[in-house]
Structure formats: structure tokens, C-alpha cells
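Residue numbers start from 1 in every chain, and the chains themselves are labelled A, B, ... in the order their sequence lines are given, proteins ahead of strands. Values below: every heavy atom of this structure, side chains too, minus hydrogens, waters and symmetry copies.
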2 protein chains.
Amino acid sequence: MQAVIDFQSARRTQSTASLPTASLPNARKFEVTCAACNLREMCLPQGLSGAELQRMENLVYSRRKVKRGEALFRAGDKFAAIYAIRVGFFKTALLHGDGREQVTGFQMPGELLGLDGIGSGAHASNAVALEDCEVCVLPFGLVEEISREIPGLQRHLNSVLSREIVRDHGVMMLLGSMRAEERLAVFLLNLSKRFIRRGWSASDFHLRMTRDEIGSYLGLKLETVSRLFSKFQADGLLEVNQKHVRIADIGGLEKVMGAVH
Amino acid sequence: MQAVIDFQSARRTQSTASLPTASLPNARKFEVTCAACNLREMCLPQGLSGAELQRMENLVYSRRKVKRGEALFRAGDKFAAIYAIRVGFFKTALLHGDGREQVTGFQMPGELLGLDGIGSGAHASNAVALEDCEVCVLPFGLVEEISREIPGLQRHLNSVLSREIVRDHGVMMLLGSMRAEERLAVFLLNLSKRFIRRGWSASDFHLRMTRDEIGSYLGLKLETVSRLFSKFQADGLLEVNQKHVRIADIGGLEKVMGAVH
DNA sequence: CGTAATTTTGACTCCGCTCAATTGGCGTGG
DNA sequence: CCACGCCAATTGAGCGGAGTCAAAATTACG
């Protein structure tokens, strides 16, 4: 809701600006600047002033479309840029020597991808599109350069990295000390919260990932995930129809999350 | 907390002075500068030049001793500084509503603590000393400031944050898709590798943490950890005596780690 | 429209947990 | 110095939650 309102006002502001969009070269006509992007408040430019935002425009080097099932990058790829998701869902995953895959996260519009490559110069994980996606390509050399000019950007980059660490610790807690039901409840409530920020329904949504991928993320087998969905439905917490989920009883789910047994 | 503020003003005064370290008051005589610290190559100043190292000295503006069992910081504490461990081992842990604790890591000399506070302004976890410890206090405002002057420091800070994310993903893989034996093998081999970097024995060491803490970190119960130690000993992989461990067969441990079953 | 992929459900198994008792190590105080 | 108490670690017995294997149902996609 909030995001929608911001988006609209931003558009209006821009259309009354001295340099209307229509006068820009055609190539850019359908492209959205950071300043006009409805995702900016949850993306890298979060909290920047107008002038700083303008400087940021130079950061978005290009946009890239990634088809469902394709990889934005793969483990071992040379690290050159981080990516801001504009459209679509991704999963990131590590693969262990043998076939085993560990999904390390699901990312949605406004979130950043590729941070795992900063430290070593090569990506550590695969980022695969769960549906047709579009990302902004932010060459990391530029990010560093502009960070030096805009302390707010520097601070925010640090924040994003730090928050990713905190998020990962939360997942470690989930994997290390929660039972299967709790894990799924936490997962669903987390999705719900992130959907709200994007102005989408908190309780009615479409899972872009398979049971297997959810299971991998939660340290469970797909059969267990499927059984839990059925159980939650039987308990009146959810209505599940394949990938479509409706949370029928948020409070109930939260109780499952908190329940020691 | 009060001490931090006092120190900050003291530091500013000092940083404006152009006096060489040698002329500083005796209080500093027994203190080790970054340039002279044997941990510098695995700590924040990694890869910095001599001149940059000198600038870094201003960063460490106090040292702090933490007794075994005491907390360096606790979840919820205001975030003001990051810490570089000079002496001793720490654990970091999250605690869940009820009594449940999830150990998120074990840190040793040369490693940084407190990165989890950058994003939110408050620490997310507890950092508790597993033995008598000493840390360098690096006020984060100063870190940011000096980062702007020394791009190498900025780059390295980003690297450290990114590598922490990659490390956490490794733990997620461990918790999400490895069996108990593999987890303990990975844990021991990881410790061994980090000990080597510090010039300690790769195969003969003293665990500073309890079976319960190891279990929490690995998503296992202490009894399971204890049983695994006994089993590894029976299999000729280890010699275990309470907290003292000798790895008798590194190759064997690596095979346990890789084994699908 | 047909084939492959995904999901659901059941039956059974087993790894790691729970509960419980015992041993061992270590610091404290008599 | 030893005795005591406390905490950590070990070990056993039995259980249960999630995994495995298998088959059927449903859906997605070329």
C-alpha cells in the first residue's frame, strides 16, 4: 500500500519536472530511473537525497532480463557487479560436491543479489530465476567509487551487508533449533512480511518455488514440506492449492512458530 | 558504554596531534600497534601499506579485556564499535524467545566481532568470551571515516562482510543438508584450518567450547556430539580427551565429510 | 494433447532426541 | 591436602519425527 502511494507520487513529480521523460532518447523511454523507481526505498538508494539519487543513476549500468530457470550468475563466475531485482523472484543456492543443493535464499524485487562475490572476486553461489526476471546491473567498481562520494550510499551498502548476515543467522537458528512445523511457519510469515512491504497481499500469494526448493531452504525433504502444507490446511491455518497459498489464520501460524512443542 | 564516549573525545584530541607513536605516553608502551601486531595479516588492516597502517593506528582506540563467561556485547546493545580479537575465543549466539540458544559462530584471534550491529544500530547477538579475552575496540564511526580516506580499508571491510555471508551460507548448507557425522567432521576441519593460519597445531588442540555449544552450532544435541566424538575415536580418526582433541587421521575425517552416506 | 515434472499420500525405517544414570574434572573451602 | 559440590561429559535404553521408498494424482509446458 505504502509503496504504491510512493510510486504514484514519484511519477507525478517527475512528469512535472523541467525535463519530461518524453524528451529523453527513445532507448530510455521505457526505462525507469532510480529516482522514479517504486522500489527505491527498499533498494540500494534507500534514504538518499534527490541530488544523490541523480548521481546514483550512473550506477545502473544496464538492465538484464533473465528467463525462468536461467542463471543470473553461477558459483565460480568472476564477480563484477551486484544486481538489484526489478521484476521477478530468484533463488540462490550452493551446491555440494555430489548432487546435493542447499538453497540459501529467495529474493524478490528491491533486493540485492551477488553480495557473496565481493569478498573473493568470484561468486560463491548460483542465482537462478524462478520466473522471468529483470535486474539492474550495478558494476561493483562503480558502486565503490560512488560510495566514496556519497557517504550515505557507503553506509547503506554496509547496512545491507550486515543485515544479510543477521538474516543468515536467523536462518541458522531456524535450521539449527526449530522443528519442521516451526520452520515452515517462519518461512511463510517471512514471505508475508516481505510481500506487505511491496504492497502485495499479506495473506494471499503465489509461491514461485517448488516444494523441493522450500525443503532445501528449510532443511527438510519435499515430502515433509508437502505433508506440512496439508497439515496446516487441516488445522485451518492455510488454504493451499499447489503453489497458491492463502494464510487463513496468521495468529495461529505465529503460535506454531513460537510453540516449544 | 560510558568509557567508549570518554575514549572518543580522547581519540579526537590525539588524532589532531602529529606526534609519532614513540612520543606517546608510557601508557601505550606495552600496547601493540597494528603495524607491529602479528595478527595484522588476518585482521582489518590486511594488505594495507605502511603509511596506511600508520593511519589505522588511530582506529584502535582502546583495548578491552573480557573475562571468561562475560559478554563483550549483548543482543539489543547499542552498536558503536566493531571488535578485533587479540587474545582468546568467543562464541556468538542468538537467543530465541524461550530458553533456546543458537550459537552462530566461534571466533578466534584476528577475527572481527560485532558486524551484526552495523545494519540496525543495535547488536543482534550476544558475544561471550569462552576464556579470558582481549579485543581492540574500533569505533565504527571512525572505521567509516578512515575508510573514505583509505580505499583499501573500505574494500577490505566490504570483503570481510561478504566473506561472513559466504561463511554463513556454508553453515546453512551444513545445517540443512549434512548428517551429524559430516557436521562434526566439517567443524573440526574448519577449526584445524583456522588454527594453521595462526601458526598453531593443525591436529592437536584444545576446544574452548562445551559439547553443548558445539551441538548448538551444529544443530545437534550435546549427547549426539559426545557420541560422535567417541565414535570418531573408535574409528581411529581422533583422540579425544575431554576438551583436548588430536586429529589422528585428517584424510579419514575428510572422507567422512564427503561421504554421502 | 501428451509427456514430464511436481505434488500428494501411505507404509515403513532409522537417525538423532529424550530421559536417565554414571563418571570425571575442577575450583572452593575446610 | 582432601572432601565436597558443581558442571561437563559419557553412555545406555527406548522413542519419535523426519527421511526413504513407492505409487498415484495433478498440473505445467512444449
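- With sequence neighbours left out, Arg198(B) forms a salt bridge (charged side-chain N to carboxylate O under 4.0 Å, His left out) with Glu111(B).
- Atom pair Glu223(B):CD and dA8(D):P shows a separation of 13 Å (rounding to whole Å applied).
- The aromatic rings of His123(B) and Phe73(B) sit parallel, their planes meeting at an angle under 30°, below the 60° perpendicular limit.
- Residue Gly215(A) is classed as having no contact, given no heavy-atom separation below 4.0 Å to the nucleic acid.
- Each of Ile85(A), Leu191(A), Leu39(A) was evaluated against Met108(A); a single residue qualifies, Leu191(A), per the side chain to side chain contact (heavy atoms under 4.5 Å, CB included) test.
- Rounded to whole angstrom, the span from the CZ atom of Arg227(A) across to the P atom of dC12(C) amounts to 13 Å.
- dT13(C) atom C1' lies 15 Å from atom NZ of Lys221(A), rounded to whole Å.
- To the nearest angstrom, P of dG27(C) lies 9 Å from CZ of Arg68(B).
- Taking atom CZ of Arg211(A) as the reference point, atom P of dG19(D) lies 16 Å away to the nearest angstrom.
- A cation-pi contact, defined as under 6.0 Å to the ring centre and within 45° of the axis, is absent between Arg208(A) and Phe106(A).
- Residue Lys67(A) contributes atom NZ, which lies 15 Å from atom C1' of dC29(D) at whole-angstrom precision.
- One finds the CZ atom of Arg246(A) at 4.0 Å from the CD atom of Glu239(A) (value rounded to the nearest 0.5 Å).
- Going from atom CD of Glu213(B) over to atom OG1 of Thr210(B) covers 3.5 Å, rounded to the nearest 0.5 Å.
- OP1 or OP2 of dG19(D) sits under 4.0 Å from a side-chain N or O of Thr224(A).
- Rounded to a whole Å, the CG atom of Leu218(B) is 16 Å from the C1' atom of dC17(C).
- Overall, the helix from dC1(C)-dG30(D) to dG30(C)-dC1(D) carries an axis bend of 50° between its ends, with five pairs at each end and the value rounded to 10°.
- Rounded to the nearest 0.5 angstrom, Tyr83(B) OH and Leu72(B) CG are separated by 5.0 Å.
- Using a 4.0 Å heavy-atom cutoff across all strands shown, Gly219(B) reaches sugar-phosphate atoms only and no base atom.
- The two residues Leu189(B) and Met257(B) come nearest to each other via the heavy atoms CD1-SD, 3.8 Å.
- For Ser226(B) and dT10(D), the shortest distance from a side-chain N or O to OP1 or OP2 is below 4.0 Å.
- Between Trp200(A) and Phe195(A), the ring planes are tilted. Angles from 30° to 60° get that label.
- At a threshold of 4.0 angstrom between heavy atoms, the contacts of Leu220(B) are confined to the sugar-phosphate backbone, with no base atom among them.
- Atom P of nucleotide dT6(C) and atom CZ of Phe229(A) are separated by 15 Å, given to the nearest angstrom.
- Of the residues in residues 240-248 of chain A, those placing a heavy atom less than 4.0 Å from an atom of DNA chain C are Gln242(A), Lys243(A), in numerical order.
- Using a 4.0 Å heavy-atom distance criterion, Thr210(B) is classed as a sugar-phosphate-only contact.
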